[in-house]
Amino acid sequence: MTPKLKFSKSIFSPTITNPRFAFFLHQFNLIATRNKPTTSSFLIRSFKIFFESYPQVSYKKSVFGARILFPLHFTMSDTMSMASDLPFLGPRSGPSSMELQQLSRRPKHHVSPTLGELLQFVGDANSSPNVGHGVSDPLPTSPFVLSFNSLTYSVKVPRKTVLPTSLGGGDKVEVSNTKVLLDDISGEAREGEIMAVLGASGSGKSTLIDALANRIAKGSLKGTVTLNGEILESKLLKVISAYVMQDDLLFPMLTVEETLMFSAEFRLPRTLSKSKKRARVQALIDQLGLRNAAKTIIGDEGHRGVSGGERRRVSIGIDIIHDPIVLFLDEPTSGLDSTSAFMVVKVLQRIAQSGSIVIMSIHQPSYRLMSLLDKLIFLSRGQMVFSDSPSKLPEFFAQFGNPIPENEDRTEFALDFIRELEMSDLGTKRLVDFNKSWARNKNDDTRSHQGAHLSLKDAISASISRGKLVSGATNIDSNLSSSVPRFANSFWVDVLVIAKRSMLNSWRSPELYAIRLGAIIVTGTILATMFRKLDNSPRGIQERIGFFAFAMSTMFYTCAEAIPVFLQERYIFMRETAYNAYRRSSYVVSHSIMSIPSLIFLSFVFACITFWAVGLAGGTMGFFTFLLFIFASFWVGSSFVTFLSGVVTHVMLGYTVVVAVLAYFLLFSGFFITRDRIPAYWLWFHYLSLVKYPYQGVLQNEFDDPMECFVRGTQIFDNSPLGAIPDSMKLKLLKSMSQTLGVPLTSSTCLTTGADILKRQGVTDINKWGCFWITIALGFFFRILFYFALLVGSKNKRR
């Protein structure tokens with residue numbers, strides 16, 4: 001049971017001289033005296049951090065561990081759990097039952113302290129002890145206002161139409177019709193408020209969120225989106241905002257705490273120490289109500305993990321770790337039960353109160369959720385039919401001539417009424433026109449009460465000074481886009497964090513790698529037993545060549561398991577890079593580096609199983625050369641498959657393409673048909689074949705010994721019909737050939753060397769090490785292509 005703290009309404013003693021100490025107490029008191037349903041655990045944790053940071057403050061032990069000697073009081077008279085601290089878990093009487101009503105009616109102009117404000121000064125008490133005296137109030141700021149005017153967006157929808165017989169003989173032709181998804185949408189969202197976009201499926205909710213979040217191509221969207229009256233540049237918006245997708249895109253084998261910690265390492269700057277990042281994560285876990293699930297894995301279909309509501313709050317948490325000024329959410333309550341949905345929106349309310357603009361789409365909020373929303377926008381087929389606070393709904397529909405019945409839910413009535421109008425002949429035109437006149441009257445009434453806002457530069461500066469933009473710059477110049485860093489960390493820090501996360505995921509889900517290792521062991525064992533101890537006879541030569549062709553092609557086919565690896569991470573990658581969590585190049589480099597150790601191990605296992613068992617030539621040097629070519633084959637195959645996974649979007653399609661292309665590579669490698677026999681119009685594909693170079697390299701490694709003889713005397717008849725005749729007859733034939741040719745031929749005369757075999761196979765155009773370096777270079781080439789595929793394919797914008 002977590003005790004609920006009760007604080008007095010008084011301010012801390014004004015005689016405090018340490019300014020950082022005074023600032024912390026002042027902010028702590030603001031939390032306590034603002035009548036918010038702040039969770040007890042967050043206050044206790046902040047209280048604990050305070051005493052650990054300021055041990056010089058005199059205190060006395062109490063039931064909570066410490067009691068400060070100022071007019072701050074807490075009692076055990078109202079002991080309850082964290083769940084009972086939230087007003088929605090059951091009916092109550094007394095003051096607690098009034099919290100929700102007071103919450104929905106309180107003024108919104110106060111800005112709650114951010115997570116950064118409570119953590120920014122922790123650990124810094126001794127850095128500047130003689131700064132000054134007294135307590136200065138936080139810098140007064142005018143709230144941020146996100147305005148959007150005349151947003152219009154349409155797409156072309158192809159449709160097949162049958163022309164009349166007189167014109168086209170009844171043929172079907174494809175014509176393009178323009179479908180309007182947003183039609184002249186205007187409004188504004190303010191700091192400290194939650195603006196919800198409602199409407200039936202297909203009304204344009206998600207499209208409007210995408211338009212405000214700059215997820216629609218610039219040339220396709222008409223209208224303007226401004227923050228404090230200034231046009232938002234894409235680069236700046238990515239830094240000061242976050243977008244939570246409708247689907248929960250998380251790594252299933254990471255715990256809640258690990259997921260948020262990795263997000264902190266990506267989004268928070270390296271100037272923050274590890275302990276401060278960890279403290280921020282712990283504070284965020286409490287703010288999201290995830291303390292009990294902090295050590296639980298996210299889970300998926302095959303692994304039991306957190307609940308749906310907890311998963312959704314984790315999705316929100318990873319995008320708000322840096323305290324964004326603007327937060328966009330696409331239907332964050334979809335698929336959740338009533339209680340989980342309320343907890344999610346409750347978290348969003350706290351985020352808004354900490355100084356953020358929260359804009360979300362929602363399908364059909366319950367009565368309890370409506371009490372947490374500050375502004376509603378109803379859409380119908382891309383047009384706005386209502387834009388005001390929830391309390392204005394009865395007045396709006398009453399003036400329109402369709403009052404809401406007393407005992408009916410306002411939201412359900414509005415959505416049902418809009419649906420009825422959509423199905424009527426006149427549609428919603430009359431309601432749209434009425435909403436425009438309603439908006440004009442509202443603007444006339446409120447224009448005189450609106451004060452001047454700070455410029456965007458000053459507002460962001462004030463926000464950063466309060467610790468709101470932890471990942472932002474401390475100095476803001478006239479060029480906002482250049483003064484706010486695009487990425488929180490350096491290139492190599494991103495590489496290390498991505499590699500650490502990838503290693504942790506691989507360690508907890510070793511199935512894919514285990515299957516690949518098993519395939520290599522089984523294949524190597526079969527080849528080692530099938531081609532055991534090959535001799536240097538003409539038949540043994542053919543068998544060696546067949547072994548090399550099959551072994552090299554096997555290296556490529558076993559790389560196909562890399563296809564689902566990126567496809568499973570694809571949308572997580574798109575979400576993280578869309579708002580500059582890290583660089584795409586960092587991901588590619590990290591992905592490449594992390595693949596190398598596993599490829600080396602697989603190469604070593606295969607080489608050890610097959611090299612001595614088959615009886616390959618070259619000794620120790622030959623073994624390591626064979627090992628290098630096996631690794632090069634794995635490297636280029638893995639790089640090629642990784643590139644394809646960045647191009648295709650479906651696992652089965654990826655497997656189909658990989659199998660087909662690798663079959664073509666093997667066909668043109670020079671094994672089935674030598675280079676000099678390939679038609680000239682297909683010769684270009686021979687040099688594009690990825691199998692050609694390692695296959696040619698291992699052949700040269702096997703047959704490049706000038707002292708090794710592979711065909712002697714009568715062995716020349718072994719691969720012909722004469723191979724079945726007695727040896728005595730072979731000697732007579734050999735003697736006859738010697739007399740005819742004028743060259744002495746005996747049973748020990750060397751007739752075929754390794755150079756002859758290489759020339760006959762057509763693998764002498766490029767030397768051994770040239771083949772190796774070409775194979776390695778092709779691997780890097782496909783990694784570069786993978787980067788460009790990510791660059792083009794992960795923009796995540798509508799056109």
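Note that these values count all heavy atoms, side chains included, but never hydrogens, waters or copies made by symmetry.
- Remark: Glu310 engages no residue in a salt bridge (Lys or Arg N to Asp or Glu O under 4.0 Å) (not counting sequence neighbours).
- Listed by chain and residue number, Phe772 satisfy the ring pair (Phe, Tyr, Trp, His ring centres under 6.0 Å) test with Phe629 (two or more places apart in sequence, or in another chain).
- Val281 and Glu257 make their closest contact through CG1-O, 4.2 Å (heavy atoms, listed as atom of the first residue, atom of the second, distance).
- Partners of Phe531 by ring pair (Phe, Tyr, Trp, His ring centres under 6.0 Å), not counting sequence neighbours, listed by chain and number: Phe547.
- Legend: residues meeting side chain to side chain contact (heavy atoms under 4.5 Å, CB included) with Thr656, ordered by chain and number and at least two apart, are absent.
- By the side chain to side chain contact (heavy atoms under 4.5 Å, CB included) test, Ser334 pairs with Gln246, Glu331, sequence neighbours left out.
- With hydrogens and angles ignored, the 3.5 Å screen pairs no side-chain donor or acceptor of Thr255 with any backbone N or O of Lys295.
- Using a 4.0 Å cut-off between charged nitrogen and carboxylate oxygen, Glu569 and Arg501 do not count as a salt-bridge pair.
- Residue Arg570 comes nearest to Ser645 through the heavy atom pair NH1-O, 3.4 Å, listed as atom of the first residue, atom of the second, then distance.
- Classification of the Phe611-Phe623 ring pair by plane angle, with boundaries at 30° and 60°, yields perpendicular.
- Using a 4.5 Å cut-off on side-chain heavy atoms (C-beta onward), Ile298 and Phe251 make no contact.
- Annotation: salt bridge (Lys or Arg N to Asp or Glu O under 4.0 Å) contacts of Asp765 (sequence neighbours excluded): Arg675, Lys692.
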Does Arg584 form a salt bridge (charged side-chain N to carboxylate O under 4.0 Å, His left out) with Glu576? I'd like the steps, not just the answer.
CA-CA 10 Å; Arg584 293 173 178 86; Glu576 292 176 334; over 6 Å; no
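- Taking 4.5 Å as the limit, every side-chain heavy atom of Phe780 sits out of range of all side-chain heavy atoms of Val636.
- In this structure, Phe671 and Tyr695 have perpendicular ring planes: the angle between them is above 60°, well past the 30° mark.
- Applying the 6.0 Å contact sphere to CH2 of Trp773 captures no more than 12 heavy atoms from other residues, nucleotides or ligands.
- Under the salt bridge (charged side-chain N to carboxylate O under 4.0 Å, His left out) criterion, no residue pair touches residues 630-643, with sequence neighbours excluded.
- None of Ser633, Ser669, Ser553 except one satisfies the side-chain contact (heavy atoms from CB on, under 4.5 Å) rule with Pro694; the exception is Ser633.
- Using cut-offs of 30° and 60° for the angle between ring planes, the Phe643 and Phe640 rings count as tilted.
- With contacts defined as side-chain heavy-atom distances shorter than 4.5 Å, the pair Ile318/Leu250 qualifies.
- For the residue pair Cys771 and Tyr693, the shortest heavy atom distance occurs at CB-O, 3.3 Å.
- Taking the ring pair (Phe, Tyr, Trp, His ring centres under 6.0 Å) definition, one finds that Phe601 meets it with nothing, sequence neighbours left out.
- Considering only residues two or more places apart in sequence or on other chains, Arg311 meets the salt bridge (Lys or Arg N to Asp or Glu O under 4.0 Å) condition with none of them.
- Figure legend: cation-pi geometry between Arg575 and Tyr243 absent, as NZ or CZ is not positioned both under 6.0 Å from the six-membered ring centre and within 45° of its axis.
- The closest donor-acceptor contact from the side chain of Arg313 to the backbone of Gly289 lies under 3.5 Å.
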Decide yes or no on side chain to side chain contact (heavy atoms under 4.5 Å, CB included) for Leu644 and Phe782, but give the supporting numbers first.
CA-CA 9 Å; Leu644 284 183; Phe782 283 113; over 6 Å; no
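- With hydrogens and angles disregarded, a donor-acceptor distance shorter than 3.5 Å links the side chain of Ser598 to the backbone of Ser595.
- By the 30° and 60° cut-offs, the orientation of the rings of His591 relative to Phe786 is tilted.
- Residues that satisfy the side chain to side chain donor-acceptor pair (under 3.5 Å) test with Asn580, not counting sequence neighbours, are absent from this structure.
- When each of Phe573, Phe491, Phe266 is checked for a ring pair (Phe, Tyr, Trp, His ring centres under 6.0 Å) with Tyr587, only Phe573 meets the rule.
- Every residue was checked against the disulfide (SG to SG under 2.5 Å) condition with Cys608, not counting sequence neighbours, and none meets it.
- Summarising the geometry of Gln700 relative to Ile766, their closest heavy-atom pair is NE2-O, 2.6 Å, with the distance given to 0.1 Å.
- Within 6.0 Å of CZ on Phe550 lie no more than 12 heavy atoms contributed by other residues, nucleotides or ligands.
- In the displayed structure, Asp300 atom CG is contacted under 6.0 Å by more than 12 heavy atoms of other residues, nucleotides or ligands.
- Residues Glu708 and Ile757 have side chains not in contact (no heavy-atom distance under 4.5 Å, counting atoms from C-beta outward).
- Closest heavy-atom contact between Leu336 and Gly309: CD2-N, 3.6 Å.
- The shortest side-chain heavy-atom distance between Thr753 and Phe710 does not fall under the 4.5 Å cut-off.
- Applying the salt bridge (Lys or Arg N to Asp or Glu O under 4.0 Å) criterion to Lys274, with sequence neighbours excluded, gives Glu265.
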